[in-house]
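The model shown is predicted, which means the values in this text are computed figures rather than measured ones.
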Amino acid sequence: MSAQRGRCRRCCAGPIPLDRRTGHWTRRDRPSSDHAKTFLIILVLLNAVVLLGQLWPEGAPPFARIVNIVFLLAVLGYLLRELLGKR
């Protein structure tokens with residue numbers, strides 16, 4: 001597959017290289033996918049703790065309130081970064 005250049009259908013922000021390995025249009029200036037994947041795994045784990053605390057309140061650990069607050073702030077930060085990063 002050749003290294004073509006084209007416009008992204010989603011944002012049309014300019015020329016975007018075609019990834020030779022996957023064949024998808026990619027953005028090179030985005031944060032590395034390893035960091036994004038690690039952050040999403042942390043969010044999923046925090047979500048599991050929050051969900052367990054909601055389903056079984058008697059078994060919630062003493063730090064459950066802190067986990068709820070950290071999870072909500074992390075999700076808010078992630079969503080804002082995604083929303084504002086798409087411009």
Side-chain angles (χ1 to χ4, degrees):
M1 185 173 283
S2 66
Q4 303 173 8
R5 294 181 70 81
R7 289 199 174 272
C8 174
R9 292 184 191 146
R10 282 186 244 153
C11 65
C12 295
I16 297 175
L18 182 65
D19 187 358
R20 293 178 192 213
R21 185 175 49 97
T22 63
H24 295 104
W25 299 107
T26 60
R27 270 244 182 254
R28 300 286 182 208
D29 56 351
R30 300 233 13 183
S32 81
S33 61
D34 292 338
H35 294 295
K37 187 174 181 179
T38 302
F39 187 70
L40 287 176
I41 289 172
I42 290 170
L43 285 179
V44 167
L45 292 175
L46 286 175
N47 188 19
V49 172
V50 170
L51 179 63
L52 284 174
Q54 293 297 317
L55 295 176
W56 186 38
E58 300 83 22
F63 55 86
R65 181 172 186 260
I66 294 171
V67 170
N68 285 341
I69 292 170
V70 168
F71 173 72
L72 291 173
L73 289 174
V75 168
L76 178 65
Y78 176 76
L79 292 175
L80 286 174
R81 188 185 72 188
E82 287 295 313
L83 274 173
L84 299 175
K86 296 286 184 189
R87 292 183 183 193

Residues clustered with [X], ILVMFWY side-chain links under 4.5 angstrom:
X	value
F71	F39, L40, I42, L43, L46, V49, V50, F63, I66, V67, V70, L72, V75, Y78, L79
L55	L51
L76	L80
L45	I41

G53 and A60: which non-hydrogen atoms are nearest, and at how many Å?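 Shortest heavy-atom separation between G53 and A60 comes out as CA-CB, 4.4 Å.
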